[in-house]
Participant: 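Before I ask anything, here is the structure I am working with.
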Amino acid sequence: MSDRYNIKESEARWQKAWDEQKCFEVTEEPSKEKYYVLAMLPYPSGRIHVGHVRNYTLSDVVARYKKAKGYNVLNPMGWDALGLPAENAAMDRNVHPADWTNDNIAQMKAQLKSMGLAIDWSREVSTCEPDYYKHEQKMFIQMYEQGLAYRKESVVNWDPVDNTVLANEQVVDGKGWRTGAPVERRKLNQWFLKITEYADELLESLQDLPRWPEKVRIMQLNWIGKSQGMNAEFPIDESEESLKIYTTRPDTIFGATFFAMAADHPLAQKLAGDKEGYEDFIQQCQSVGTSEEAIEKAEKIGFNTGYTITHPFTGKKLPLYIANFILMDYGTGAIYGCPAHDTRDHEFAKKYNVDIIQVVSSPDDAADIQDEPYLGPGDMINSEFLDGMESEDAKKAVIQKLEEKNLGQGATIFRLRDWGLSRQRYWGCPIPFVYRESDGACIPVPEDQLPVELPKDINYDEPGNPLDRHPTWKYTTCPETGEPAIRETDTCDTFFESSWYFLRYLDPNNSERGFSDEASQYWMAVDQYIGGVEHAVLHLLYSRFFTRALKACGYAVPDEPFSGLFTQGMVTHETYQDETGNWLYPNEIHKVDGQWMTVDGNKPVKTGAITKMSKSKKNTVDPQDIIDTYGADAARFFILSDSPPDRDLEWSEAGIEGAWRYANKIYKVVQDSIADLPQKDSSKPANFSDQASELRSQTHKTIKAVASDIEAFHMNKAVARIRELSNAITAFKPQSDDDKWASREAIETLVQLIAPMMPHLAEELWAALGYESLIANTPWPEFDESLIASDTLTIGVQVNGKVRATISLPQDADETAVKEIALAEPGVQKAVNDKEIRKFIYVPGRIVNVVVG
RNA sequence: GCGGAUGUGGUGAAAUUGGUAGACACGCUAGAUUUAGGUUCUAGUGCCGCAAGGCGUGAAGGUUCAAGUCCUUUCAUCCGCACCA
């Protein structure tokens with residue numbers, strides 16, 4: 001009898017073996033088909049969380065499976081090492097962001113290694129290293145030279161007490177998270193990348209991404225937000241100025257009852273700056289956050305400028321407002337308001353007693369337009385020359401009319417805005433520009449002076465950006481004239497690093513360029529990208545833009561960086577609070593008599609909503625505890641078996657033990673049967689018992705099913721198939737030595753099928769089965785189609801749609817024969833009774849339905 | 001507010017094109033074995049009902065011989081929203 005499976009010893013041993021044999025280190029091999037598996041790189045926050053385990057287990061299964069299928073598989077890993085949390089840690093704990101980050105990387109790398117991932121660690125990349133960001137500084141300058149990077153004024157959240165810029169997540173209820181001071185909006189000169197230049201192409205090319213989830217493509221489509229509409233320009237009465245508006249609903253022009261522009265519209269100050277209450281109103285607008293959500297949800301408020309605009313067709317004078325729900329960044333920053341057919345305009349009109357005129361007829365006559373706007377299409381009414389037209393035709397007619405009058409023209413606009421890159425923070429990639437003091441000229445840092453490295457000696461004693469306060473770093477000379485110059489002290493958005501890291505992996509030792517064209521041409525595009533659905537828009541869109549921008553700068557990269565994408569669901573967990581409302585970690589509570597109590601003091605615990613795991617709510621679980629207790633294989637297997645990977649996973653402690661028991665069971669079953677099995681590679685016998693044939697059939701079916709399940713990311717189903725096979729193996733009693741051959745075939749197959757999921761256990765058993773080479777280097781088993789086909793089939797017999805019996809039929813049974821068999825079933829006879837059979841339906845291979853009545 | 005998703009037993013979930021709802025597990029119940037215990041094995045387990053049978057995929061309608069799947073309406077929950085990563 002065998003000893004119990006020693007997880008710790010075994011896992012460490014096989015990880016060492018993979019390392020020593022450099023099992024997963026790859027080079028370009030033009031003769032071999034490549035497969036690039038990419039998992040989204042982690043931010044080194046401290047310790048890995050369950051979301052990481054899920055992500056990297058998935059990529060690992062794909063990598064190991066594809067390797068077994070014969071591909072040259074690249075599966076790299078790195079660290080998205082720049083970002084805000086490092087600076088928060090620096091401020092809270094007085095550590096240097098670099099030290100904090102590098103400590104975290106060391107810890108997390110050890111944790112990932114303990115998962116037994118098939119990663120080529122020789123290609124590890126950390127984005128906070130100057131050797132990484134020097135290349136993107138060069139890229140940035142190249143983009144600038146191509147006209148893809150530029151500077152303009154833009155609004156930030158400003159904390160007036162700390163004198164610092166706040167991220168949206170640092171704004172809580174309109175107040176700074178540290179100071180509690182009401183946040184202001186402030187305009188700064190900032191760098192942008194011209195992603196809008198590619199808006200149409202990024203939209204159109206979504207069609208070329210069939211291996212992306214539909215939902216992600218739709219989200220990007222909506223994000224880019226192409227809309228067909230009309231630009232128009234109307235003179236403002238009693239003024240020299242005129243207002244440029246944009247609308248997607250030119251058909252509703254006769255329903256226009258007011259005009260409105262954004263609070264930061266250049267005309268706002270000009271026309272109303274001296275009006276009473278203007279300053280207060282602007283203040284009010286500025287107290288709303290900069291996020292789209294905050295703006296949309298804020299109460300709709302307006303300020304009447306006192307000016308009017310004459311309606312181009314009716315001649316009526318309509319009031320011109322400044323309104324907080326108009327975005328300067330969208331369209332022209334001004335609209336005409338049609339309250340009858342737009343929700344926001346309606347809300348606004350109700351509040352300021354503006355007329356509501358219906359111009360599109362609604363199919364629901366009862367609905368009162370004064371209570372509810374009508375948003376759909378319909379026939380035009382109250383619209384002079386448009387009356388009776390369909391909305392779509394009316395749109396064209398209005399555009400044509402305004403074009404004739406030289407007041408407007410049809411226009412296509414995008415919701416997508418240019419990518420604001422500047423961050424007023426230390427722990428980011430320095431933007432490689434200097435400003436000459438004499439004339440303010442903006443000069444790129446010459447290539448031979450790159451990288452512009454972050455200074456090490458910084459302090460957080462004062463608020464604000466340490467680079468800006470640094471005594472020496474920012475003072476330099478102009479590379480062109482040698483005159484005094486000041487460095488750009490803003491750093492890059494960290495999405496900049498993550499927009500090209502997958503290229504750096506290809507050639508991590510290249511110190512001249514970020515990567516060579518040869519490496520890119522061999523490995524790109526990424527065949528399978530895997531990561532969180534929360535990145536569906538920003539990161540994935542920025543990366544798609546980045547490859548196009550790099551191509552414009554002369555790099556050999558494909559337009560689309562990721563040909564296949566899989567987005568995993570979030571990992572969620574129940575939340576817990578003590579009596580005073582403090583959040584509690586799951587390991588700070590325990591059950592006493594069926595009630596959750598605090599471990600410390602046995603006080604009652606309130607359980608709350610199941611939400612995405614987050615540190616702020618303390619509903620996190622440290623996967624290391626699980627790996628230490630049950631082993632990496634059990635953790636991986638449980639995560640794969642529990643939920644479909646694209647769905648949210650509610651973490652529970654209960655299921656992991658089942659995976660652990662299963663691993664032990666497999667170990668025991670295989671170990672116990674080895675002595676009695678034929679030797680490996682012994683020749684296939686000719687005769688099998690029926691049970692053995694059955695087992696062989698199931699073995700081959702399982703090979704096929706597991707492969708297609710893995711390829712479709714139905715890992716939970718693959719696990720179910722594997723468990724069915726192992727159940728069949730345990731139930732199987734060989735009748736002869738020939739049958740034992742079938743038994744060995746099934747067991748070897750089982751070990752091969754679990755190898756991508758539980759790689760350590762698989763190696764252990766593969767060795768036990770007599771193989772000297774690693775299972776990690778062993779090809780995927782082949783299945784025999786002839787063993788899969790069955791000559792009988794079992795189908796259900798319904799009477800009036802309810803199943804009353806199941807029958808077995810030969811594959812080729814004709815309808816007459818089927819009818820005879822079906823009607824002879826006692827259950828069917830009982831249900832039919834003496835009622836008349838009105839119809840007999842036989843769908844070959846599927847179902848029989850007898851309709852009586 | 002806008003956009004995207006999800007809803008099936010006590011729990012996680014399965015279910016080609018509409019065609020045997022609940023595979024595979026977790027948990028639970030009973031029994032057996034062993035151990036100090038975690039284990040292991042056998043049987044059972046959607047709900048109601050003694051049974052026959054009936055009812056069951058968030059809710060309400062509809063189409064169909066047949067609906068978890070298609071259509072309409074509706075409710076609930078979760079995620080993203082441009083300076084978190």
Side-chain angles (χ1 to χ4, degrees), chain A residues 4 40-43 45 80 82-85 88 154 156-157 165-171 190 214-216 218-219 221-223 225 290-298 300 325 329 343-344 347 415-425 493-495 498 532-539 541-542 569-570 572 609-612 614 638 641-644 646-650 652 654-659 661-662 664-665 668 714 716-717 719-724 727 794-806 830 838-841 843 845-853:
Chain A
R4 159 157 291 179
M40 287 184 185
L41 85 176
Y43 178 80
S45 55
D80 190 17
L82 293 166
L84 199 49
N88 292 335
S154 174
V156 294
N157 296 308
V165 175
L166 297 175
N168 280 338
E169 75 156 11
Q170 297 174 319
V171 179
Q190 306 197 58
E214 178 75 15
K215 64 173 174 183
V216 174
I218 291 171
M219 282 161 93
L221 181 134
N222 288 324
W223 188 263
T290 56
S291 78
E292 191 168 311
E293 183 195 9
I295 292 166
E296 289 289 326
K297 272 181 150 168
K300 312 284 175 284
F325 62 96
D329 291 323
T343 319
R344 288 169 303 181
E347 192 183 330
R415 199 186 82 102
L416 182 69
R417 311 203 290 258
D418 274 339
W419 176 8
L421 209 67
S422 301
R423 299 290 182 271
Q424 295 68 38
R425 308 185 199 291
D493 176 8
T494 57
F495 274 125
S498 57
V533 67
E534 66 273 22
H535 294 290
V537 178
L538 292 177
H539 160 63
L541 193 59
Y542 290 150
M570 317 260 176
T572 61
I610 297 157
T611 60
K612 179 182 173 183
S614 74
F638 170 60
S641 64
D642 199 53
S643 275
D646 51 348
R647 208 180 288 184
D648 285 357
L649 169 68
E650 189 192 326
S652 69
I656 184 73
E657 240 174 80
R661 280 200 299 262
Y662 183 68
N664 282 300
K665 180 178 149 180
K668 193 167 177 316
H714 296 161
N716 53 329
K717 284 155 72 180
V719 167
R721 304 274 163 263
I722 287 171
R723 294 187 91 132
E724 277 174 327
N727 287 346
T794 307
I795 63 170
V797 181
Q798 300 178 329
V799 178
N800 283 353
K802 292 208 184 307
V803 178
R804 297 299 176 182
T806 52
K830 196 169 172 191
R838 292 205 305 207
K839 206 168 175 185
F840 182 87
I841 296 161
V843 183
R846 298 231 172 266
I847 198 89
V848 169
N849 194 6
V850 185
V851 186
V852 299

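A, B, ... follow the sequence lines: proteins, then strands. Residue 1 opens every chain. All heavy atoms count here, side chains included; hydrogens, waters and symmetry mates do not. Note that the structure is a prediction, hence the values are computed from the model and not measured.
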Participant: Both atom distances under 3.5 Å, Watson-Crick or G-U wobble: I'd like the secondary structure of RNA chain B as a dot-bracket string, with | for pairs made across strands.
Facilitator: (((((((..(((......[....)))((((((.......))))))(((....)))..(((((..]....))))))))))))....

Participant: As a test of the definition: with a 90° window around 0 for syn, would you call G9(B) syn or anti?
Facilitator: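 Glycosidic conformation of G9(B): syn.
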
Participant: If you check every side-chain atom of A167(A), which of A85(B), C84(B), A82(B) has the closest atom?
Facilitator: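 Selected nucleotide (nearest to the side chain): C84(B).
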
Participant: Measuring to OP1 and OP2 of A66(B), would you say a side-chain N or O of N800(A) lies under 4.0 angstrom away?
Facilitator: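 N800(A) to A66(B) OP1/OP2: no side-chain N or O under 4.0 Å.
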
Participant: Counting side-chain heavy atoms from CB outward, which of A85(B), G4(B), A66(B) is closest to F495(A)?
Facilitator: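 Nearest to the side-chain atoms of F495(A), counting from C-beta on, is A85(B).
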
Participant: Measuring from the side chain of T806(A) (C-beta onward, heavy atoms only), which nucleotide among C26(B), U20(B), C24(B) has the closest atom?
Facilitator: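 Selected nucleotide (nearest to the side chain): U20(B).
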
Participant: From C-beta outward on W223(A), which listed nucleotide comes closest to its side chain: C24(B), A82(B), G54(B)?
Facilitator: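 Of all the options, the side chain of W223(A) is nearest to A82(B).
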
Participant: Given the structure, check if the side chain of E534(A) and the base of C84(B) hold any donor-acceptor pair shorter than 3.5 Å.
Facilitator: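 Flag unset: no donor-acceptor pair detected.
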
Participant: So what does N849(A) touch, heavy atoms closer than 4.0 Å: a base, only the sugar-phosphate, or nothing?
Facilitator: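 Counting heavy atoms under 4.0 Å across all strands, the contact made by N849(A) includes a base.
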
Participant: Closest approach to the side chain of S291(A), judged atom by atom: which nucleotide of A85(B), G27(B), A82(B) is it?
Facilitator: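 In terms of side-chain proximity for S291(A), the closest of A85(B), G27(B), A82(B) is A82(B).
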
Participant: Of the nucleotides A23(B), A85(B), C83(B), which one has an atom closest to the side chain of H535(A)?
Facilitator: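 Minimum distance to the H535(A) side chain belongs to A85(B).
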
Participant: For C65(B), take OP1 and OP2 only and decide whether either is under 4.0 Å from a side-chain N or O of K802(A).
Facilitator: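 The answer is no; no side-chain N or O of K802(A) sits under 4.0 Å from OP1 or OP2.
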
Participant: Base, sugar-phosphate alone, or nothing: which one does Q424(A) contact when heavy atoms must sit under 4.0 Å apart?
Facilitator: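 The answer is base, as Q424(A) lies within the cut-off (heavy atoms under 4.0 Å) of a base atom.
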
Participant: Minimum heavy-atom separation for R425(A) to L166(A), with atom names?
Facilitator: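 So the minimum-distance heavy-atom pair works out to NH2-C, 4.0 Å.
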
Participant: For K802(A), what residues pass the salt bridge (Lys or Arg N to Asp or Glu O under 4.0 Å) criterion, not counting sequence neighbours?
Facilitator: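 By the salt bridge (Lys or Arg N to Asp or Glu O under 4.0 Å) rule, K802(A) matches no residue at all.
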
Participant: For the residue pair F495(A) and H535(A), categorise the inter-ring angle as parallel (less than 30°), tilted (30 to 60°) or perpendicular (more than 60°).
Facilitator: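 Correct class here is perpendicular.
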
Participant: Below 4.0 angstrom from OP1 or OP2 of C26(B), is there any side-chain N or O of R661(A)?
Facilitator: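 Yes, such a contact exists.
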
Participant: In whole Å, what separates the P atom of A21(B) from that of C26(B)?
Facilitator: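 These two P atoms come out 26 Å apart once rounded.
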
Participant: Just checking V851(A): base, sugar-phosphate only, or nothing, at a heavy-atom cut-off of under 4.0 Å?
Facilitator: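 It contacts sugar-phosphate atoms only.
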
Participant: Are OP1 or OP2 of A82(B) and a side-chain N or O of R417(A) less than 4.0 angstrom apart?
Facilitator: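 Looking at the OP1 and OP2 atoms of A82(B), neither is under 4.0 Å from any side-chain N or O of R417(A).
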
Participant: What nucleotide among A23(B), C78(B), C81(B) has an atom nearest to a side-chain atom of E292(A)?
Facilitator: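 Of A23(B), C78(B), C81(B), C81(B) is nearest to the side chain of E292(A).
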
Participant: Base, sugar-phosphate, or nothing: which does K215(A) touch, judged by heavy atoms less than 4.0 Å apart?
Facilitator: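 It contacts sugar-phosphate atoms only.
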
Participant: If only side-chain N and O atoms of N664(A) are considered, is one of them under 4.0 Å from the OP1 or OP2 phosphate oxygen of G38(B)?
Facilitator: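 N664(A) to G38(B) OP1/OP2: no side-chain N or O under 4.0 Å.
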
Participant: Under 4.0 Å, heavy atoms only, any strand: does K300(A) hit a base, just the sugar-phosphate, or nothing?
Facilitator: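 Nothing, no nucleic acid heavy atom in range.
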
Participant: Taking R344(A) first and then E347(A), would you say they form a salt bridge - that is, a charged N and a carboxylate O separated by under 4.0 Å?
Facilitator: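 No salt bridge links R344(A) with E347(A).
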
Participant: Without decimals, in angstroms, what is the distance between I218(A) CD1 and G3(B) P?
Facilitator: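 Taking atom P of G3(B) as the reference, CD1 of I218(A) is at 12 Å.
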
Participant: What integer number of Å spans the P atoms of U74(B) and A14(B)?
Facilitator: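 Each nucleotide's P atom is 29 Å from the other's.
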
Participant: So if I take every side-chain heavy atom of L416(A) and compare against C81(B), U39(B), A82(B), which nucleotide ends up nearest?
Facilitator: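 From the listed options, A82(B) comes nearest.
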
Participant: How close or far is atom C1' of A15(B) from atom CD1 of I795(A), stated in whole angstroms?
Facilitator: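 Result: 17 Å.
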
Participant: If each of R723(A) and T794(A) is mapped to the nucleotide of RNA chain B with the nearest heavy atom, which maps nearer the 5' terminus, i.e. the 5' end?
Facilitator: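 In this pair, the answer is T794(A).
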
Participant: Looking only at side-chain N and O atoms, does K717(A) come under 4.0 Å of OP1 or OP2 in A15(B)?
Facilitator: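 Yes, within the criterion.
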
Participant: Does A5(B) have OP1 or OP2 sitting under 4.0 Å from an N or O in the side chain of R647(A)?
Facilitator: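 No, R647(A) has no side-chain N/O under 4.0 Å of OP1/OP2 on A5(B).
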
Participant: Spell out yes or no: do the side chain of R721(A) and the base of C24(B) have one donor N/O and one acceptor N/O closer than 3.5 Å?
Facilitator: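 Side chain to base: no pair present.
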
Participant: If you check every side-chain atom of N716(A), which of A21(B), A25(B), A13(B) has the closest atom?
Facilitator: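 When the side chain of N716(A) is considered, A13(B) is the closest of A21(B), A25(B), A13(B).
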
